[in-house]
Amino acid sequence: MYDVIILGAGPAGLSAAIYTGRAKLSTLVLESAMVGGNAGITDLIENYPGFPEGINGSELMALFMRQAENCGAEIRYEEALDLEPVTEGIKIKTSSGELQARAVLVATGARRKTLEVAGEQEYLGRGVSYCATCDGAFFKNCPVAVVGGGDSAVKEALYLSDIASQVYLIHRREEFRANRTHVERMRANSRIALKLNKVVETIEGDASGVKKMLLKDVVDGSTESLPVEGVFISVGMVPASGFVENRLTTKNKYIVVDDRLMTSMPGVFAAGDICSKNVRQVATAVGDGALAGVAITEYLKE
Ligand code: NAP
């Protein structure tokens, strides 16, 4: 029986663990994949205060983890599969058994969305990727494409421009969702060619991997074959809320919380990208984590 179990070791979960650990609550953080979440696989984080030159995401998340552990939090690699209220708190079913806590924080974040086009699954790991910082190095001096028009896509394109021979940024309209600084930097980069008003029809290749992709122009309907060896898909996120969808109130799969970040189940809180809200940044996830850590401490005192 722990005082608090935190699901997810990203910026929100680790920040909350720093607060609950310092409040002397026994704190267990469960992580199903990799500490740091999406921030941990970001090459350069430039808008997190305190690092005027920017910081590598994996380095920043290693610091978060060390700080959480220094504050007494235990981190364990185990996936949460379900949670239910019991007399003394919340029972969590995990990939290794059952755990119990007086309060739970869901900070499982969001995962990359798939494009759902022919060839995407077939060439996954053989040219198709969802993470340039993880897989970009395989495409040294090769032509690659990035799909999407948000901050992730633009940052992936910028990162790949130092590795690939040519980067195509494929976006389905002319305006970008990404912030203006990132877009301006991308437009000024001679190694990045923009393919606007285009959608991906198919990703094609042979036994050795991806060789080309077929694009369709959404304005005039024309098609174009683009020779690429890597396709990086960055078309947004889907919240990792499937395991609590039948337990907690959600909106478009994001968890609905009150102003103390408590969900519809008493004793269960949510923080970070998994919450229904407008801004999803490392800084806002950290803010959520701090708020949830304090709210949980007060809730357990009550
Ligand atoms: P996002 O902002 O939701 O952008 C997704 C992009 O993919 C949009 O441009 C969207 O096009 C496009 N898209 C979606 N579905 C598509 C489809 N089926 N086919 C083609 N294109 C499709 O997602 P994100 O870039 O992953 O960012 C998620 C959050 O993290 C955002 O809040 C973002 O600001 C934040 N973030 C911040 C930074 C940073 O450095 N500050 C870095 C990464 C992420 P439309 O625009 O036409 O809808």
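Every number for a ligand or one of its atoms is a count from 1 in the order of the listing. Computed from a predicted structure; not experimentally measured.
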message: Within this structure, what is the CG-CG distance for the pair L194 and N189, rounded to the nearest 0.5 Å?
response: 10.0 Å
- prompt: What's the shortest distance from atom 37 (C) of ligand 1 to any protein heavy atom, and which residue and atom give it?
  reply: Q281 NE2, 3.4 Å
query: What do you reckon, does H182 put a non-hydrogen atom under 4.0 Å from ligand 1?
result: yes
D82, L81, V106 screened by side chain to side chain contact (heavy atoms under 4.5 Å, CB included) with F243, the one that passes: V106
field: Proximity to ligand 1 by part of K155, non-hydrogen separation under 4.0 Å
entry: side chain
- request: Among all protein heavy atoms, pick out the one at the shortest distance from atom 34 (O) of ligand 1; state its residue, atom name and that distance to 0.1 Å.
  value: D151 OD2, 2.7 Å
Top protein contact for atom 17 (C) of ligand 1, by heavy-atom distance: R172 NH1, 3.4 Å
message: Is the contact between E116 and ligand 1 made by the side chain, the backbone, both, or neither, using heavy atoms and a 4.0 Å cut-off?
response: neither
- prompt: Does an N or O anywhere in R112 fall below 3.5 Å from an N or O of ligand 1?
  reply: no
query: Which heavy atom of the protein is the closest neighbour of atom 15 (N) of ligand 1, given with residue, atom name and distance?
result: K113 NZ, 3.1 Å
message: To check you understand the geometry: which heavy-atom pair defines the closest contact between V147 and V235, and what is its length?
response: O-CG1, 3.7 Å
field: Contact check, L115 vs ligand 1, heavy-atom distance below 4.0 Å
entry: yes
message: How close do D162 and R191 get, counting heavy atoms only, and between which atoms?
response: C-NH1, 4.3 Å
statement: Heavy-atom closest pair (F269 atom, A295 atom, distance to 0.1 Å) is CE2-CB, 3.9 Å
field: For atom 14 (C) of ligand 1, closest protein heavy-atom neighbour
entry: V235 O, 3.1 Å
- prompt: Can you name the closest pair of heavy atoms from L14 and M61 and give their distance?
  reply: CD1-O, 4.2 Å
Salt bridge flag under 4.0 Å for residues E84 and K93: no
message: So if I apply the side-chain hydrogen bond (donor to acceptor under 3.5 Å, both in side chains) rule between Y130 and each of K113, E120, R112, which one comes out positive?
response: E120
task: Using the side-chain contact (heavy atoms from CB on, under 4.5 Å) rule, take L30 and I6 through it: C-alpha gap first, then chi angles, then the decisive distance, then the call.
output: CA-CA 6 Å; L30 296 185; I6 295 171; over 6 Å; no
- prompt: Quick one: does S152 get an N or O within less than 3.5 Å of an N or O on ligand 1?
  reply: yes
- prompt: Any N/O of G149 closer than 3.5 Å to an N/O of ligand 1?
  reply: yes
field: Minimum-distance protein heavy atom relative to atom 1 (P) of ligand 1
entry: R177 CD, 3.8 Å
message: Below 4.0 Å, non-hydrogen atoms only: which portion of N47 touches ligand 1? Side chain, backbone, both or neither.
response: side chain
- request: Could you check T297 against L25 for side-chain contact (heavy atoms from CB on, under 4.5 Å), going step by step and ending with a plain yes or no?
  value: CA-CA 8 Å; T297 307; L25 299 173; 3.7 Å; yes
- request: Calculate, to the nearest 0.5 Å, the distance between atoms CD1 and NZ belonging to I203 and K212 respectively.
  value: 13.0 Å
- request: Just go through R280, E156, M237 and tell me whose heavy atom is the nearest to atom 30 (O) of ligand 1.
  value: R280
- request: Would you mind checking which non-hydrogen protein atom is closest to atom 23 (O) of ligand 1, with the distance to 0.1 Å?
  value: G236 CA, 3.3 Å
query: Identify the closest protein heavy atom to atom 46 (O) of ligand 1: which residue and atom is it, and at what distance?
result: R173 NH2, 2.8 Å
